[in-house]
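Report on one structure; see the data block that follows.
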Amino acid sequence: MKYDPSRIEDKWQRLWEEEGVFRSVEDPEKPKYYCLEMFPYPSGRIHMGHVRNYTIGDVIARYKLMRGFSVLHPMGWDAFGLPAENAAIKEGEHPAAWTYANIAYMKKQLRRMGFSYDWERELATCDPEYYRWEQKFFIEMFERKLAYKKKALLNWCPSCKTVLANEQVEGGSCWRCENPVTAREMDQWFLKTTEYADELLDYTFKLPGWPDRVLVMQRNWIGKSYGAELDFALRDSDTKIRVFTTRPDTVFGATFMSIAPEHPLTIQLAKDSGREAQVKEFIDRIVLQDRAQRTSEEVEKEGVFTGAYCINPFTGWEMPIYAANFVLFEYGTGAVMAVPAHDQRDFEFAKQYELPIVVVINPEDSTLDPETMTAAYEGPGVMVNSGEFSGLPSEQGKEAITRFSSDKMMGGKAYSYRLRDWGISRQRYWGAPIPVIYCEKCGVLPVPESDLPVLLPDIEKIEFEGGGPLKKIEEFVNVACHACGGHAERETDTMDTFVESSWYFIRYCCPKEARDPFHRGAVHYWMPVDQYIGGIEHAVLHLLYARFFVKVLRDMGYLDFDEPFQNLLTQGMVIKDGEKMSKSKGNVVDPEYLIEKYGADTSRIFTLFASPPEKDLDWSDKGVEGGSRFIKRVYNLVVQHLDRLRDVTPLRGDEEYVGTAKKLRHETHKTIRKVTNEIETRFHFNTAIAAIMEFVNYLYKIDPRELVGDLPRSALAEAIQTLILLLSPFVPHLSEELWELSGNERFVSSQPWPEFHENLALSESIPIVVQINGKVRAKIVVDADVTEEQIREMVLSDQRVKEYTSGKEVRKWVYVQGKLVSLVVR
RNA sequence: GCCGGAGUGGCGGAACGGGCAGACGCGCGGGACUCAAAAUCCCGUGGGGGCAACCCCGUGGGGGUUCGAAGCCCCCCUCCGGCACCA
């Protein structure tokens, strides 16, 4: 009999499906386990990243099933998005046709990997039955003022011809096409993520099952700063300008003010002072720069005097107001009190424009002199030149100044966040329509629920000129207002695809529910997700949006939990030749070729064995060969023993025997313990598989002549059966085949996970290492139950130990239970 | 610049709370089988020294704590990732 992966794999994939082995059921008698992997974008073919992600998830799902959990393990498609549209433009194919064809192909590929999905729960986000609920959520958010429209300067990707959210701009470039992003003023829909900034932040400390680095990245992204807001009155009018600062203790050193060029007040001030021309020139120049340019480090501090002054309420000084290129309109209040002595940016600006520098914080042990300073002093210290506050340590000064401002009604304690609201409008076709109409009389109106879904209309040709493809479709755009019956126009932007992926995991609980977005019972049973698995690249994108969405849906009464994902595993990248596997690098390995040549089980075991899931995986053709070799070795081992396994009942209890049976049982139970531990404590499948390999090596070494008689044969049967059970989550097709060959009932996939007996797993004799002055000098083997006193006797009478101790004094004796003895000898 | 993570044989990686460094796999060397090769099976494999028993060195570098450090503390170097004028 020869191992033939293609025959075996096809056979078991068919049987699993026919028998519905992985259909999830809400069984109230069982504990539930929701295992989820990030769903793929249907780009055309699966890549090694998918194989790795989904293999890790599959092992967990299969393991939990064997452990007696009611497991939900679904799969679906993140089906809206740009590539479909780009392909449509290039190939002339409809985005829907392109997408559904890709889904069909990729689904076949996933099937061939043998993943234990419940395909009855499959969903595609481009399906109206899916996005209709998203439109409903949008309307409810609109009603709660969590969705709003505003005109703003936004990130515009000229290549993708659409607006991008802040999270989708990486280092000034588009996350998808890597082209530089420019600023563009547009009227856009936003979701109010900032409303939840505090809760999103607080819960990063309540997610112990998430990797630290993801939580840290989210905290940094939210970027909460603690400080104060202070009011500065204009010299020539009643207007006050409010600034945010994290350093209220330096307010006595504020000698001028900087304001963002985009700030409406900037041009206003200039107009009033007659400097409109210069200021407008500056604003126009700065605002037009693309983001990468504007925020790059090399850009010099630059500004222009608006002609206006404000009054420092603490010193009474007249502070000139400058428009400055480094002031961000969207952060804080868009205006900054400039303290050149204690802020590097202000320092550089002051030097450039010859503005006064006043020291108000001295370091503990020295005195600063503005004349000789070459950089701002940003550290803590003691307040000076600060009126009644002089002498206070700067930390106390922060509080004192804040309290003072608050008492005098000119500001007070404040926070500021780096996080911005999520801009979700996209000027593209292949997305969920935003369910809003604009009526000439009634204004902005959400589409009534009874009219949902707002179907994405069919389209012949995708054109972008004039604000987006949907604008061209008159039947879509022109509608009668449902309120007044007059003429109205539809919103023609579609939603960011990250909106779809922000709630798909809840819909898996009840994908066919037609009357409501969610079936309460099902959602209550399955959510939250117990284990989520996916790439680190979504650390602040999808993973933040999904958390936000769940909180919003909770507050709208749909959900009764706070966080979507209990445990998160971020798998490493697949690396080849030192670089991430990617089409652009030309170093991809096509999983289909791998399945074709070696089979799914080999592909699975290679990706699992090569490194622990959270680390990067170095691709190696030889490593794949090794995986294939191991699988054949297992197959041949079991086939070799088939005759011995006939009509034999495997041992079950914890009885200890003698000779071969005893040794076999010991190895068997030790292996169960090790494999179970590795999976249970940290999903380290590489070491779990290594333990199984050791077990296989051991089984190969047994002399068949020792396997005569009922007891050794029963022990062998136990060993082989255990081997197959332990392998089942990793290489399920092979395991099913061997399970059947060795005379068992289908399916190994739904068998209980083997239990180990501690007494059998323990060694009866243990090696004790003897260190003398820190070096290993001897090893003794003792029975597991000996006392320290007995060990002491054995050690001191050991020949090798004597050689090192004769004529010397044993000054110290350290004994580590069951492990080692350490002697200090002089 | 700030915030994370990581540096272990020729390679991927083990060593879970300070206790035999290098499990397992790849590669390499040797052997068995074969007319021969592939496949398979067995043995060996961190470096150096020694006929050998053994000895010395060794987890990016330098110091420290400890009977004992890959792991803990201090300083430094390198690589990877995130953020990056956030007031």
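Lettering of chains follows the sequences in order, A, B, ..., and the numbering in each one begins at 1.
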query: When we call it a touch if two heavy atoms are under 4.0 Å apart, what does A:V816 touch: a base, just sugar-phosphate, or nothing?
result: base
Using the ring of A:Y3 (Phe, Tyr or Trp, six-membered ring only), decide whether A:K632 places NZ or CZ under 6.0 Å from its centre and within 45 degrees of its axis. no
### Message
Under 4.0 Å, heavy atoms only, any strand: does A:V824 hit a base, just the sugar-phosphate, or nothing?
### Response
sugar-phosphate
Original post:
Taking the inter-plane angle between the rings of A:Y322 and A:F256 on a 0 to 90° scale, is it parallel (under 30°), tilted (30 to 60°) or perpendicular (over 60°)?
Top reply: perpendicular
Distance check: side-chain N/O of A:R345 vs OP1/OP2 of B:C86, anything under 4.0 Å?
yes
Open item on the list: Under 4.0 Å, heavy atoms only, any strand: does A:R811 hit a base, just the sugar-phosphate, or nothing?
Closed with: nothing
| task | Can you tell me, in whole Å, how much space there is between the P of B:G5 and that of B:C42? | result | 43 Å
Looking at A:R682 and A:E678, is there a salt bridge between them, counting it only when a charged N and a carboxylate O are closer than 4.0 Å? yes
Quiz item: Would you call the rings of A:Y353 and A:F349 parallel, tilted or perpendicular if under 30° counts as parallel and over 60° as perpendicular?
Solution: tilted
| said: Taking only the C1' atom of each, what is the distance from B:A6 to B:G60 in whole angstrom? | reply: 11 Å
A:K398 bridged to A:D249 by N-O distance under 4.0 Å:
no
A:R420 (side chain) and B:C86 (base): donor-acceptor pair under 3.5 Å
yes
Original post:
Do the side-chain N or O atoms of A:N697 get closer than 4.0 angstrom to the phosphate oxygens (OP1, OP2) of B:G25?
Top reply: yes
message = Categorize A:G626 for me: base, sugar-phosphate, or nothing, with a 4.0 angstrom heavy-atom threshold over every strand shown.
response = sugar-phosphate
Pairwise N/O distances under 3.5 Å, protein to nucleotides 52-59 of chain B:
{"unit_1": "B:C55", "atom_1": "OP1", "unit_2": "A:R777", "atom_2": "NH1", "d": "3.0"}
{"unit_1": "B:C55", "atom_1": "OP1", "unit_2": "A:R800", "atom_2": "NH2", "d": "3.3"}
{"unit_1": "B:C55", "atom_1": "OP1", "unit_2": "A:Y804", "atom_2": "OH", "d": "2.7"}
{"unit_1": "B:C56", "atom_1": "OP1", "unit_2": "A:R777", "atom_2": "NH2", "d": "3.2"}
{"unit_1": "B:C56", "atom_1": "OP2", "unit_2": "A:R777", "atom_2": "NH1", "d": "3.3"}
{"unit_1": "B:C57", "atom_1": "OP2", "unit_2": "A:K775", "atom_2": "NZ", "d": "3.2"}

With the side chain defined as heavy atoms from C-beta on, A:P612 is closest, among B:A15, B:G13, B:C26, to B:G13
- Examine A:W175 together with A:F498 and report whether their ring centres are nearer than 6.0 Å. yes
Atom CZ of A:F685 and atom C1' of B:A23 are separated, to the nearest Å, by 19 Å
Nearest-nucleotide check on RNA chain B, A:G332 vs A:S822; residue mapping nearer the 5' end is A:S822
* Between A:R213 and B:A6, does any side-chain N or O lie under 4.0 Å from OP1 or OP2? -> no
Margin query: So, OP1 or OP2 of B:G27: does either fall under 4.0 Å of a side-chain N or O from A:R629?
Written below: yes
message = Measuring only the C1' atom in each nucleotide, how far is B:A84 from B:C67? A whole number of Å is fine.
response = 49 Å
Quick check on B:C11: is either OP1 or OP2 less than 4.0 Å from any side-chain nitrogen or oxygen of A:S620?
no
Requested in this report: Give one of base, sugar-phosphate or nothing for A:K224, where a contact means two heavy atoms less than 4.0 Å apart.
Outcome: nothing
Of the listed B:A14, B:A87, B:C24, the closest approach to the A:T246 side chain comes from B:A87
Closest to the 5' end of RNA chain B, once A:A690 and A:L617 are matched to their nearest nucleotides, is A:L617
### Task
Examine B:C2: is either OP1 or OP2 under 4.0 Å from a nitrogen or oxygen in the side chain of A:N220? Give yes or no.
no
**Within 6.0 Å of NZ in A:K224, more than 12 heavy atoms from elsewhere** = yes
Stems in RNA chain B, runs of 3 or more consecutive Watson-Crick or G-U wobble pairs with both distances under 3.5 Å, sorted by first number, are B:1-7 with B:77-83, B:10-12 with B:24-26, B:27-32 with B:40-45, B:46-49 with B:54-57, B:60-64 with B:72-76
In whole angstroms, the gap separating P of B:G82 from CG of A:L543 amounts to 15 Å
### Query
Can a cation-pi geometry be assigned to A:R633 and A:Y700, taking NZ or CZ under 6.0 Å from the six-membered ring centre and within 45° of the ring axis?
yes
Checking B:C24, B:A84, B:C85 against the side chain of A:E694 (C-beta onward), the nearest is B:C24
Checking B:C83, B:C26, B:C20 against the side chain of A:E170 (C-beta onward), the nearest is B:C83
Separation of the C1' atoms in B:C2 and B:G17, to the nearest angstrom:
32 Å
Syn within 90° of 0, anti beyond: B:G12 is anti
For A:W813, which contact category applies under a 4.0 Å heavy-atom criterion: base, sugar-phosphate, or nothing? nothing
Quiz item: Mind checking the P distance from B:A14 to B:A52? Whole angstroms is fine.
Solution: 35 Å
Problem set entry | Stepwise ring-ring contact (aromatic ring centres under 6.0 Å, His included) test for A:F190 and A:W422 | CA-CA 5 Å; A:F190 288 86; A:W422 176 14; over 10 Å; no
Per atom distances to the A:Y331 side chain, the nearest of B:C16, B:C86, B:A84 is B:C86
Against the side chain of A:L820, the closest entry in B:C20, B:C42, B:G19 is B:G19
| said: Can you check the distance between B:C26 and B:A70, where both ends of the measurement are the C1' atom (answer in whole Å)? | reply: 23 Å
Whole-Å distance, A:H538 NE2 to B:G81 P, equals 18 Å
Anything under 30° is parallel, anything over 60° is perpendicular, the rest tilted; go ahead and classify A:H342 against A:Y377. perpendicular
To the nearest angstrom, the CE-C1' distance between A:M693 and B:G12 comes to 12 Å
Decide yes or no, distance alone: a donor-acceptor N/O pair under 3.5 angstrom between the base of B:G19 and the side-chain of A:Q771. yes
note: A:D703, atom CG; B:C42, atom P; distance rounded to Å ~ 13 Å
Whole-Å distance, A:F329 CZ to B:C86 C1', equals 15 Å
Which of A:Y598, A:W619, A:F630 passes ring-ring contact (aromatic ring centres under 6.0 Å, His included) with A:F606? Answer is A:W619
Exercise. Can a cation-pi geometry be assigned to A:R420 and A:Y331, taking NZ or CZ under 6.0 Å from the six-membered ring centre and within 45° of the ring axis?
Worked result: no
* Ignoring hydrogens and angles, state whether a donor on the side chain of A:E348 or A:Q352 is under 3.5 Å from an acceptor on the partner side chain. => no
**Asked** Hey, is the side chain of A:K301 pairing donor to acceptor with the base of B:C85 inside 3.5 Å?
**Response** yes
- Euclidean distance for C1', B:C72 against B:U65 (whole angstrom): 8 Å
| Checking all strands, does A:D346 fall into the base, sugar-phosphate, or nothing category for heavy-atom contacts under 4.0 angstrom? | nothing
Notebook entry, point to check: If you look at every strand shown and take non-hydrogen atoms under 4.0 Å, does A:E625 touch a base, only sugar-phosphate, or nothing?
Noted result: nothing
Whole-angstrom distance between B:G27 and B:C77, as gauged at atom C1': 31 Å
Closest to the side chain of A:L328, out of B:C86, B:G25, B:C83, is B:C86
Practice problem: Verify the contact: side-chain N or O of A:K812 to OP1 or OP2 of B:C67, cut-off strictly under 4.0 Å; return yes or no. | Solution: yes
Under 3.5 Å, side chain of A:R52 to main-chain N/O of A:G572, donor-acceptor pair present?
yes
